[in-house]
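Structure first, commentary second.
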Amino acid sequence: MNDALIELKNLSKNFEDQQVLKGIDLTIHRNEFLTLLGPSGCGKTTTLRIIAGFEEPSGGEVLFDGIDISKVPSHKREVNTVFQKYALFPFLNVYDNVAFGLKIKKMDETVIDHKVKSMLELIGLPDFAKRDVTSLSGGQQQRVAIARALVNEPKVLLLDEPLGALDAKLRKDMQIELKKIQREVGITFIFVTHDQEEALSMSDTVVVMNEGIIQQVGTPEDIYNEPENRFVASFIGESNIIEAVMKRDLLVSFDGQDFECVDKGFKNNEDVEVVIRPEDIDIVKPENAKLTGTVKSIVFRGVHHEIVVETEFRDYLIHTTDYFEPGLSVGLTFGPDDIHVMYRMDWESESRGGAGR
Amino acid sequence: MKHYNKLVRPYLIWSILIILVPIIMIVLYSVTTGGNALVNISFTLKNFTKIGEPIYLEVIKKSLILGLISVSICLVVGYILAYFITRFDDSVQDLLILLVTIPMWINTLLRTYAWISLLSDNGLINKFLSLFGLNAQTFMYTDFAVIIGLVSDILPFMVIPIHTSIRKIDPSLIEAAQDLGADKFHTFTKVTLKMSIPGVINGVMMTFLLSISTFVIPKLLGGGQYMLVGNLIENQFISVGNWNFGSALSIILTIIILIGLRLMKRFDKEEKEEAE
Ligand SMILES: Nc1ncnc2c1ncn2[C@@H]1O[C@H](COP(=O)(O)OP(=O)(O)O)[C@@H](O)[C@H]1O
Ligand SMILES: [Mg+2]
């Protein structure tokens with residue numbers, strides 16, 4: 001996996017006076033399923049469009065197989081795109097949409113026919129060749145868009161929120177299907193989404209972005225378990241984020257108590273932030289815990305209960321399958337490895353958040 | 001909604017009166033004799049058979065050919081113009097389209113007189129030619145004059161629908177074509193052109209309709225002897241006074257236009273089916 005295919009080097013992009021990308025450094029490997037994750041407007045689409053060749057970067061380089069392609073027009077790049085709203089050609093049927101790229105390359109008719117048919121097979125629409133694309137459902141159009149791109153055998157497939165327009169059930173199915181297709185064709189996928197669950201469930205690598213800056217790059221497990229800063233922690237799932245002081249290695253202090261933890265490498269008495277996932281907190285009898293409070297609310301969420309416990313310092317969010325009566329006095333416990341210590345983020349400055357530890 | 005319906009009713013009745021009554025009158029005239037008196041009328045088809053006479057067939061044929069030539073020139077010029085307008089920023093596009101439509105606000109008669117002052121034997125064009133020592137040319141009262149007058153008259157009706165259809169093409173379709181390997185030329189032929197066909201069809205229909213029913217332009221630029229269907233009809237009503245024959249001619253003209261519309265629709269459908 002350390003076989004670099006695309007390298008973005010100090011990439012920046014300005015639209016008029018607005019700086020949309022502020023120095024993106026990213027290496028994308030062969031056969032990797034990489035996801036750009038971040039809130040709307042953070043520059044995901046812009047990054048993708050620069051890789052596709054629809055936008056020119058204002059600064060920095062885009063290396064493809066080690067060669068700078070910033071000036072190469074999009075029709076000469078070995079990447080294909082699945083557009084956000086599919087962008088199928090309404091005047092062509094399914095077959096001719098898929099065959100479009102091959103016909104442009106003036107391939108032999110029989111070769112085209114073979115490729116298009118096996119691609120329609122792959123996306124599970126073998127009998128749809130003659131269908132009008134406007135008569136297809138959203139999910140089917142989606143598949144055709146994927147087939148139209150993949151049939152060209154690109155080295156990289158770019159997908160911009162491709163599942164955004166689908167309903168929840170279809171979305172889940174397509175997530176699994178996309179992952180399967182990626183394994184089958186064995187090429188790099190660069191996937192854009194603002195849905196953290198989608199990103200975590202599909203990707204080999206997740207790139208969390210905010211305001212044109214990369215916040216963290218890592219495996220889904222890394223991102224979830226070891227968020228590097230408050231932004232990543234709060235964007236990836238619900239969590240308790242607590243201002244704390246790192247007393248020394250393996251000892252962190254917050255809410256008037258010292259807790260053992262597994263983090264080290266901070267300065268002694270450095271201001272930090274701690275994230276504790278709601279499912280990592282256990283509710284126990286008050287006498288068995290360092291932190292105590294009362295149950296403020298409890299909401300059933302299908303699999304678990306979402307409980308808010310009010311303590312002297314703050315409200316804690318807890319996910320548990322057990323039921324606790326509101327008003328009950330309880331204690332809260334968590335183990336050393338449930339505490340994730342992060343650098344404290346300086347929201348005022350433009351400095352890059354969480355540069356790793 | 002009910003309330004609204006009631007308010008619309010007087011308007012509806014007026015529209016029916018204004019649109020329907022003249023049509024009924026024309027149909028009635030066309031199958032009767034007795035001029036515009038409407039007394040002592042008797043039914044006949046001879047107004048229609050009269051159209052079969054060679055001189056009248058010749059006029060219809062000439063009108064059709066002239067219409068087709070003008071529409072074809074208009075299509076080529078109009079498409080290029082419309083396409084280049086879409087290359088500009090939105091605000092510039094609005095301005096350019098406004099410029100294209102300005103002639104439409106000016107009375108046809110005035111515009112045609114402007115052409116006369118340009119084309120006449122001692123008009124501006126000949127004055128310009130004489131600067132280079134070239135002999136004066138006769139433009140007036142030729143097919144050329146009629147066609148140039150007609151084309152300039154109907155051009156906006158070609159440009160506007162084509163421009164609208166190109167402008168509303170989803171930019172991601174253009175990007176999709178480029179993404180799939182199409183260079184500028186292929187992106188144009190494979191996407192832009194295809195997507196603008198509805199605009200082309202609208203433009204051709206409108207300009208054909210206008211060119212086939214014109215009578216002011218051929219009269220002024222073609223001269224008194226220049227006879228197109230529009231002039232023929234005008235003459236029947238105004239100078240000859242044969243309203244019955246004039247009505248039959250207008251009905252035939254309407255039928256020709258309707259056939260034209262059908263053909264275009266058919267062409268549009270085939271275009272779509274061929275794509276399937
Ligand atoms: N063509 C453009 N012109 C001006 N501003 C743009 C353009 N494209 C994107 N932007 C701006 O750049 C920012 C990032 O946009 P985008 O990359 O689309 O974000 P995302 O895909 O993460 O939602 C947004 O603030 C957006 O308004
Ligand atoms: Mg986007």
Side-chain angles (χ1 to χ4, degrees), chain A residues 45 48-49 51-55 72-107 128-135 141 144-154 156-161, chain B residues 75 79 82-83 86-93 161-205 264-276:
Chain A
T45 297
L48 212 62
R49 288 172 61 79
I51 297 173
F54 300 137
E55 301 280 1
V72 176
S74 58
H75 70 270
K76 288 188 179 151
R77 296 192 185 191
E78 288 176 283
V79 300
N80 284 112
T81 307
V82 175
F83 290 84
Q84 200 158 2
K85 299 216 173 63
Y86 322 135
L88 297 177
F89 302 118
F91 48 86
L92 297 177
N93 65 14
V94 169
Y95 183 98
D96 289 324
N97 260 282
V98 177
F100 191 93
L102 304 178
K103 283 186 177 166
I104 291 279
K105 292 186 194 83
K106 299 222 158 41
M107 274 191 191
F128 281 64
K130 294 265 169 274
R131 287 278 291 272
D132 201 345
V133 288
T134 49
S135 73
Q141 291 191 23
V144 176
I146 292 167
R148 184 180 68 175
L150 279 180
V151 77
N152 302 290
E153 295 168 19
V156 182
L157 188 69
L158 309 176
L159 305 102
D160 191 356
E161 312 224 11
Chain B
L75 177 59
Y79 199 102
Y83 183 77
T86 60
R87 301 290 89 191
F88 290 94
D89 284 345
D90 277 0
S91 54
V92 182
Q93 284 193 41
I162 293 177
H163 173 263
T164 307
S165 68
I166 297 178
R167 194 177 189 177
K168 72 174 191 219
I169 297 174
D170 181 355
S172 67
L173 287 183
I174 305 295
E175 286 179 352
Q178 290 168 354
D179 187 76
L180 295 166
D183 56 21
K184 284 217 167 73
F185 176 73
H186 283 111
T187 304
F188 176 77
T189 56
K190 300 222 164 208
V191 181
T192 313
L193 204 55
K194 286 273 167 63
M195 292 298 286
S196 62
I197 283 176
V200 168
I201 286 173
N202 273 334
V204 167
M205 283 192 319
M264 290 306 288
K265 280 239 175 72
R266 183 86 156 272
F267 175 73
D268 185 25
K269 262 203 204 112
E270 268 165 21
E271 191 52 53
K272 274 193 192 127
E273 271 153 22
E274 193 189 313
E276 266 162 37

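Letters A, B, ... mirror the listed sequences (proteins, then strands); counts begin at 1.
Residues forming a salt bridge (charged side-chain N to carboxylate O under 4.0 Å, His left out) with Glu175(B) (at least two apart in sequence, or on another chain): Arg49(A). Residues satisfying the ring-ring contact (aromatic ring centres under 6.0 Å, His included) criterion with Tyr86(A), sequence neighbours excluded, are absent altogether. With sequence neighbours left out, the salt bridge (charged side-chain N to carboxylate O under 4.0 Å, His left out) criterion links Lys103(A) to Asp96(A).
Taking the side chain as every heavy atom from C-beta outward, Leu180(B) and Ile104(A) never approach each other to under 4.5 Å.
Annotation for Phe100(A) and Ala182(B): closest pair CE2-CB, 4.4 Å, computed over non-hydrogen atoms.
The distance from the CZ atom of Phe89(A) to the CE atom of Met195(B) is 9.5 Å, given to the nearest 0.5 Å. One finds the CD atom of Gln178(B) at 6.5 Å from the CZ atom of Phe54(A) (value rounded to the nearest 0.5 Å).
Heavy atoms closer than 4.5 Å to chain B are found nowhere in Leu102(A), neither backbone nor side chain. Heavy atoms of Pro73(A) lying under 4.5 Å from chain B are absent altogether.
There is a side-chain donor-acceptor pair under 3.5 Å between Thr81(A) and Asp179(B).
The interface of residues 161-174 of chain B with chain A, defined by heavy-atom distances below 4.5 Å, comprises Ser172(B), Leu173(B).
Note on Leu88(A), Asn80(A), Val151(A), Leu158(A): by heavy-atom pairs under 4.5 Å with chain B, the leading option is Asn80(A). Top candidate by heavy-atom pairs under 4.5 Å with chain B, chosen from Arg77(A), Arg148(A), Lys85(A), is Arg148(A).
Counting non-hydrogen atoms of other residues, nucleotides and ligands closer than 6.0 Å to NZ of Lys184(B) gives a total of 12 or fewer.
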